Amino acid sequence: MSKVGALSLRKRYKLYWERNKKSQGYLLKKNISDIIYRIIRVVLLFGMCFLILQPILQKISISFMAERDLYNPMVISVPENFTTDNYQLAAMFMDYGKTLWNTFFVSLTISLLQIAMCTLAGYGFARFDFPFKKFWFACVMLVIIIPPQTLSTSLHLHFRYFDILGLIKLFTGDTLNLRGSVVPYYLMSMGCMGLKNGLYIYMIRQFFRNIPKELEEAAYVDGCGTLKTFLRIMLPDAKPILTSCFLFAFVWQWTDGFYSSTFLGNIKLLSLQLSQIGEKLGHYIVNTLKNNAGASIGYTNCIVATGTLMVIVPLIVLYLFAQKGFVESLSSSGIKM
Amino acid sequence: MKKQKKLAGLQKRKAISGYIFILPFIIGFLAFMVNPFFKSLYMSFCNVEISGQGVNNVYAGLSNYVRAFTVDTEYNRKLVEEISKMCVNSLAIMVFSFFVALILNQKFKGRALVRAIFFLPVIISSGVILGVEYDNSLLSSVQAVIEEETNAASITGALKEILVTSGVGSRAFEQVFEVVDGIYDVAISSGIQIIIFLSGLQTISESMYEAAAIEGCTGWESLWKITFPMVSSLFLVNWIYTIVDSCMKSNNEVMEKISDTMIKKLNYGFSSAMAWSYFVIVIVIIGISSLIISKGVYYYE
């Protein structure tokens, strides 16, 4: 068996040189440059992947280190005193179980709501002609471009003294204070004004625009109404883009600090807890451990790294499951921008 | 005549259903965008006083703006720093993401894995995580220790020394090395841009490249003559997205200052004025640059 293989290898080798000769050395040159190109590509890709992954790996190794390992110059990535104390501490500071559930619930409901609304709007912009369409679409662009921070000041007050056309004041004698409750953010999500919702509308619209018109017309001819066409014909087709947008919305909502701190201040969310974790560590060390020096920079960073890991691990798990659908569908759906 | 009327009816019906579909957006826009938009613009010209009864806006003319640009010690410096950083970084992000998208569009083993890794920044660079990560002094101190131990004898370091001290265009070289040093920031903020470029690259039909290759086009030439024009419209989209994204980042110092002024010091008028002047500057940059870019965009029909 091996003899045949060797023979055919030699034969192939001979054949190759013959072909090379016939092409006046072109084949060899092309193959060599091909191989060099591949090697360069592998090196580049490996380097860049390492660049992206390194901080995460670093965090993982730090999170298992005991405090004295951090200052030990001999310990670089493998901890000498393996410990899970950091995780317990970080979980305690963040109230992890409850916060995780809160974050999950809020992110899921809000992203579902946002995507549902953005799908409607995107479909409307893509498939219908109506007066002032350009104007409204310019408004979508405006929503994309205006940083929410610009408006945050007045949104803040808008919800602090919330009122619809003075109706509430008329009945109860006072405006509603919606600050710190979840309601305003759900309302905003319902009106496609949440985090980066303009972008979702834009992406979904671009997708729907590429579906051939004949499909829709055939549905109309067969007696489908507008709504039925949308639900039965268009939505199943749009699954890839909707999944991608949903994942974006979910992930961004999960880690969002701005809207969370502006509107959802009273609920314990991971993103907010994470940004306070350093302070909490300081309090804990001073008040509970009675160590007046407070937390050292290195140890604070260690706990922050652990906390960050605990925040992104659920996302990474989700990402690993949805990765195929996410990456491939989005990049192969061929959205023309 | 009758036929035309019927068509008009269908069009009307379609227009109505179109409006019904975008109704959520319209309501949201009117309720949560228009009002705060003008209110915050108005507030930036006012001294906002908050009392038990409600908000009290006292018209104060341009004083908030004057204060932001002439009295406040930090704002000017932060604004200039942030904007110049944004321009350089956005350029680097565009080049980097285009390059990566080109590579990721090729077929090779483990492509799915590499793609997954490159899109990971969409998760790890979003929201608060970036802000938390940004002042990771432990990492940098570890790095300093390592550099000390190895006596800083790296090739790039030597190259940098030679190029910067050579005197020819040293400012430009410094700029370049700054970008190279910050390659992590660039890589981590180009997840979405890579996806957008990749989706554009996938719409280019293979037959175009084949035809070019038969005509004797090298890979390099077809990159500039086919790939580049075909995705040129995406450069515009990506450019705008990158700039807007860098405005909303949680480690943006100007934005930090604005929200600090608002939430901690409760100085609504002043923070609105800062937010608005920053926003106007960014809009002007976006407008001018997208005008320039859109001159070069090629639309394939």
Side-chain angles (χ1 to χ4, degrees), chain A residues 41 45 48-49 51-53 58 73 117 120-121 123-125 128-131 136 139 143-145 147 149-155 157-158 161 188 190-193 201 226 251-252 255-257 271 274-275 297-298 301 304 308 311-312 315-316 319 323 327 330-337, chain B residues 14-15 17-19 21-22 24-25 27-29 31-33 35-37 39-40 43 54-55 103 114-117 119-124 126-129 132 136-138 145 183-184 187-188 195-196 198-199 202-203 233-234 237 244 247-248 250 255 258-259 262 268 271-272 275-276 279:
Chain A
R41 188 170 66 189
L45 283 178
M48 289 193 281
C49 288
L51 183 77
I52 292 170
L53 287 182
Q58 178 89 22
M117 291 306 169
L120 286 180
Y123 183 70
F125 277 118
F128 295 100
D129 270 325
F130 45 83
W136 289 116
C139 290
V143 172
I144 297 179
I145 291 175
Q149 283 92 336
T150 315
L151 302 178
S152 58
T153 320
S154 53
L155 269 181
L157 296 176
H158 188 59
Y161 305 102
M188 282 180 74
M190 240 189 265
C192 302
M193 288 298 136
I201 295 182
T226 318
V251 166
W252 280 332
T255 57
D256 166 66
S271 55
L274 179 63
S275 46
I297 296 174
N301 268 316
V304 168
T308 313
V311 171
I312 56 178
L315 292 180
I316 289 181
Y319 180 70
Q323 187 267 122
V327 171
L330 193 62
S331 50
S332 64
S333 63
I335 323 160
K336 278 210 184 92
M337 293 290 176
Chain B
K14 277 200 119 181
S17 37
Y19 260 108
F21 270 110
I22 67 161
F25 173 76
I27 292 176
F29 188 78
F32 304 119
M33 202 73 188
N35 188 9
F37 188 78
K39 217 180 197 172
S40 100
M43 254 197 287
V55 202
I103 293 182
V114 176
R115 278 189 180 184
I117 291 175
F119 299 154
L120 203 61
V122 175
I123 295 178
I124 50 178
S126 56
V128 284
I129 292 173
V132 168
N136 201 339
S137 47
L138 182 67
V145 168
I183 187 76
Y184 176 70
I188 221 164
I195 292 178
I196 292 177
L198 206 55
S199 74
Q202 243 134 20
T203 60
S233 61
L234 296 186
V237 175
V244 171
C247 291
M248 296 188 205
S250 48
M255 284 303 173
I258 291 170
S259 55
M262 180 181 78
Y268 288 91
S271 72
S272 293
W276 267 94
F279 173 59

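For clarity, every value in this text was computed on a predicted model and none was experimentally measured. Quick note on labels: first sequence line is chain A, next is B, and so on, each numbered from 1.
Between A/Ile144 and B/Val244, the shortest heavy-atom distance links the atoms O-CG1, 3.5 Å. Shortest non-hydrogen contact noted between B/Ala116 and A/Tyr319 is O-OH, 2.6 Å. In plain terms, the two heavy atoms of B/Ile22 and A/Ala121 that are nearest each other are CG2-O, 3.5 Å. Minimum interatomic distance between A/Phe130 and B/Gly18 (heavy atoms only, all atoms of both residues): CD2-CA, 3.9 Å.
The CE atom of A/Met48 lies 8.0 Å from the CD1 atom of B/Ile183; values are rounded to the nearest 0.5 Å.
Among the candidates A/Ile201, A/Ile316, A/Leu45, the residue making the largest number of heavy-atom pairs closer than 4.5 Å to chain B is A/Leu45. Counting heavy-atom pairs under 4.5 Å between each of A/Tyr123, A/Phe125, A/Trp136 and chain B puts A/Trp136 at the top.
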Trace of the side chain to side chain contact (heavy atoms under 4.5 Å, CB included) decision for B/Phe29 with A/Met193: CA-CA 7 Å; B/Phe29 188 78; A/Met193 288 298 136; 3.9 Å; yes
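For chain B, the nearby part of A/Leu53 is the side chain; its heavy atoms alone come within less than 4.5 Å. With a threshold of 4.5 angstrom between heavy atoms, B/Leu120 approaches chain A through its backbone and through its side chain. Interface remark: A/Phe128 contributes side-chain atoms only to the contact with chain B (heavy atom separation under 4.5 Å). In this structure, the portion of B/Phe279 lying under 4.5 Å from any heavy atom of chain A is its side chain and not its backbone.
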